[in-house]
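What follows is a structure written as structure tokens; I'll ask about it next.
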Amino acid sequence: MAIATLSAEKLLAMYTCMWRIRLFEEEAEYQSSQGKVLGALHTYIGEEAVAVGVCSHLQPTDYITSTHRGHGHCIAKGADLKRMMAELFGRLTGYCKGKGGSMHIADFSIGMLGANGIVAGGFGLATGAGLAAQLRGSGQVAVCFFGDGAANRGPFHENINLAAVWRLPVVYVCENNQYAQWTPQSEVTLVTDIANMAPAYGIPGVQVDGMDVLAVYEAAGEAIARARRGEGPTLLECKTYRFHGHNFGDPQLYRTREEIAEWMEKRDPIKRLAAYLRAQGLLSDAQDEAIQQQVREEIEAAVRFAEESPYPPPDELYKDVYSYVVT
Amino acid sequence: MPKVSFREAIRDALLEEMERDESIFILGEDVIAHGGPYAVTRGIYEKFPHRIRQTPISEAAIVGTAVGAALCGVRPVAEIMYVDFVTCAMDEVVNQMAKIRYMFGGQTDVPVVLRLPSGSARLIAAQHSQALEAWFVHVPGLQVVVPSTPYDAKGLMKTALRGRDPVIYIEYKRLYSQEGEVPEGDYTIPFGQADIKREGRDVTIVATGPMVGKALEAAEILAQEGIEVEVVDPRTLVPLDKETIFASVHKTNRVIVTDEEAKRAGTSAEIAALIAEECFDALDAPVKRVAAANVPMPFSPELEKLVVPKAEHLVAAVRELLG
Ligand SMILES: Cc1ncc(C[n+]2csc(CCOP(=O)(O)OP(=O)(O)O)c2C)c(N)n1
Ligand SMILES: [Mg+2]
């Protein structure tokens with residue numbers, strides 16, 4: 001999985017995917033400010049390298065579980081921007097027929113088992129997905145994305161221990177952005193390097209710079225390969241940073257403008273990959289502009305699709321509570 | 001009387017009681033940084049820096065620690081950001097907090113107040129919009145408080161903080177910014193004392209939380225047609241002031257029970273059953289319930305608006321009852 005083996009095509013696909021996440025969310029924030037995207041909106045802007053670095057190894061048959069900050073995971077796993085945007089707009093054509101919204105997007109057809117409004121809600125789901133894969137002997141893997149804050153909940157301990165002892169094909173990916181809502185990690189956790197918790201479960205713990213998509217790609221590749229080989233789970237910690245507030249509208253009184261600017265200016269994962277691609281002669285100004293333009297068009301189309309879609313009709317209210325199917 | 005918001009009323013109760021009783025201690029997620037998700041505890045740290053702590057995202061530890069400290073001389077006020085997340089601490093609530101006094105033969109007090117922001121607000125969908133009063137009402141050992149006005153919120157919180165038993169204190173998010181008259185100075189409202197929010201002779205509406213305001217709205221509309229609705233707010237579901245409810249039923253002979261919970265096995269079912277059991281002869285019509293749809297809260301505004309009952313549903317229910 002060494003970086004050297006990455007084709008230009010793959011690298012550019014990763015780059016494009018990072019822009020897709022960034023611009024999708026900037027648009028979602030704009031639409032939220034216009035009252036079109038409703039409810040809570042937690043953006044992933046700044047953290048794109050994590051989802052893209054990890055999901056670039058996954059097949060549509062592999063599984064991921066996500067968080068309240070789930071758009072990036074969804075997009076990196078290959079979800080359709082139109083159906084995502086329609087979901088944010090609360091429309092019938094959205095992934096969940098408008099029943100879920102931003103915090104609850106899922107696409108089971110590509111193994112995206114859902115964003116989750118419950119912090120640490122994904123641990124059990126990913127562990128179970130790993131169990132299903134193991135029982136079938138299918139070679140599939142499950143990736144559990146979670147935040148530094150989620151590591152303080154019981155399901156972190158219970159599920160990692162279970163997956164370790166059963167050698168389940170799961171990779172637990174901590175997106176350590178140093179804050180849980182409005183509280184800095186160091187105020188609520190003494191071991192701020194989550195990877196250091198791995199030895200307590202008898203599994204490998206790996207830490208990478210989560211602002212460097214190639215570093216994430218390399219580390220995730222090893223963890224995923226290990227899981228596929230049946231050697232059990234890995235705890236992969238990606239040090240990252242969210243550029244915007246916890247949710248759209250967060251005044252961010254708990255951190256300084258300087259701190260935010262420092263990360264945005266010096267460590268933006270998209271700029272970083274662009275610089276690498278340019279240095280390798282893989283990206284010209286024209287290509288870069290074309291990539292961004294193409295993504296912009298995809299997003300405009302997604303917004304048009306959402307706007308033109310109907311709201312769910314009243315009779316949707318009672319559908320999907322149960323299937324009532326017995327076979 | 002000065003006007004105070006629901007949020008400030010709770011905060012004032014906490015501050016005044018902390019002044020009075022130095023064993024009161026507050027814990028919860030972001031309770032200092034932001035005053036919790038709805039800024040209720042904002043400013044408390046500045047007054048009592050050693051008596052409020054923000055926790056990791058560890059609901060089981062929040063409630064468990066609160067219960068343990070309560071057994072050992074502290075009077076904790078624990079906040080769970082949204083009632084939906086109390087699920088992550090249900091062992092601590094149901095098997096520990098609720099049962100310790102009884103199971104251990106009354107040896108100890110368990111003075112915990114658990115503050116739980118509840119109900120739908122701002123389209124936050126299935127995992128952030130629930131109303132779960134019935135879960136707690138069902139468990140012997142818990143007291144369940146559901147204030148509907150700033151006045152009640154303050155008086156009931158003070159009683160909670162002076163009692164010796166666990167209190168589930170339900171705060172409806174949509175009420176936080178609502179203002180109401182609150183007298184200056186100290187007052188308490190005893191548990192188990194319903195409040196008649198409006199008198200009337202034709203139909204009784206027993207309402208809790210945000211449904212109280214909607215019942216009053218409905219009463220206003222119906223008054224224009226000469227229909228006089230009596231609105232009874234139990235204020236605490238455990239203990240429940242059956243006497244006041246029954247007396248009203250005996251006066252009006254017709255009753256609607258309403259709350260924001262999913263209707264199936266919601267608290268309205270319990271109150272309706274009590275009325276049916278104990279006031280059958282007084283009823284001129286079957287007890288009616290007006291509660292939320294039996295669905296997880298959908299996100300889309302076009303669906304969400306169909307879930308929680310509105311004043312117009314109460315108006316329709318009253319008309320039906322009067323035939
Ligand atoms: C069980 C639970 N507790 C609390 C919350 C409220 N909440 C939502 S996101 C969040 C912070 C999560 O922090 P982290 O896991 O680090 O993820 P990040 O937001 O930084 O991506 C909190 C406290 C919740 N949704 N679920
Ligand atoms: Mg975080």
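Only heavy atoms go into these numbers, but all of them, side chains included; no hydrogens, no water, no symmetry mates. Order of the sequence lines sets the chain letters (A, B, ...), proteins ahead of strands, with each chain counted from 1.
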So, the part of B:Thr87 with a heavy atom under 4.5 Å from chain A: the answer is neither
With a 4.5 angstrom heavy-atom cut-off, which part of A:Leu41 approaches chain B: side chain, backbone, both or neither?
neither
Can you tell me which portion of B:Ala60 sits under 4.5 Å from chain A's heavy atoms? Options are side chain, backbone, both or neither.
neither
Based on non-hydrogen pairs under 4.5 Å, which of A:Ala40, A:Gly94, A:Gly149 is most in contact with chain B?
A:Gly149
Interatomic distance, B:Leu306 atom CG to A:Glu316 atom CD [nearest 0.5 angstrom]
11.5 Å
With only heavy atoms counted, which part of A:Tyr254 is less than 4.5 Å from chain B, the side chain, the backbone, both or neither?
neither
Among all residues two or more places apart in sequence or in another chain, which pass the side-chain contact (heavy atoms from CB on, under 4.5 Å) test with B:Arg11?
B:Arg7, B:Glu8, B:Leu15, B:Arg42, B:Ile44
Enumerate the salt bridge (Lys or Arg N to Asp or Glu O under 4.0 Å) contacts for residues 88-98 of chain A, please, sequence neighbours excluded, ordered by first and then second residue.
A:Lys97-A:Asp320
Can A:Leu38 and B:Phe299 be said to form a side chain to side chain contact (heavy atoms under 4.5 Å, CB included), step by step?
CA-CA 9 Å; A:Leu38 303 162; B:Phe299 163 69; 4.1 Å; yes
Below 4.5 Å, heavy-atom pairs only: which of A:Pro313, A:Ala150, A:Pro314, A:Ala151 has the largest tally toward chain B?
A:Pro314
Distance col, row B:His34:NE2 vs A:Thr183:OG1, nearest 0.5 angstrom, shows 10.5 Å
d(B:Ile57 CD1, A:Asp148 CG) to nearest 0.5 Å is 7.5 Å
Report the distance from atom NE2 of B:His128 to atom CD1 of A:Ile118, rounding to the nearest 0.5 Å.
6.0 Å
Which is it for B:Gln127 and A:His104 under the side chain to side chain contact (heavy atoms under 4.5 Å, CB included) test, yes or no, and what are the steps along the way?
CA-CA 9 Å; B:Gln127 296 174 335; A:His104 309 291; 2.9 Å; yes
Treating B:Glu302 as the side-chain partner and A:Tyr311 as the backbone partner, does any N or O pair qualify as donor plus acceptor under 3.5 Å?
no
For A:Gly100 and B:Ala125 the tightest heavy-atom approach is O-CB, 3.7 Å
Please give me the minimum heavy-atom distance between A:Gln181 and B:Asp30, naming the atom from each residue.
CB-OD2, 3.2 Å
If I measure from the heavy atoms of chain B, does A:Phe156 come under 4.5 Å with its side chain, its backbone, both, or neither?
neither
Pair A:Glu187-B:Gln54, side-chain donor/acceptor within less than 3.5 Å
yes
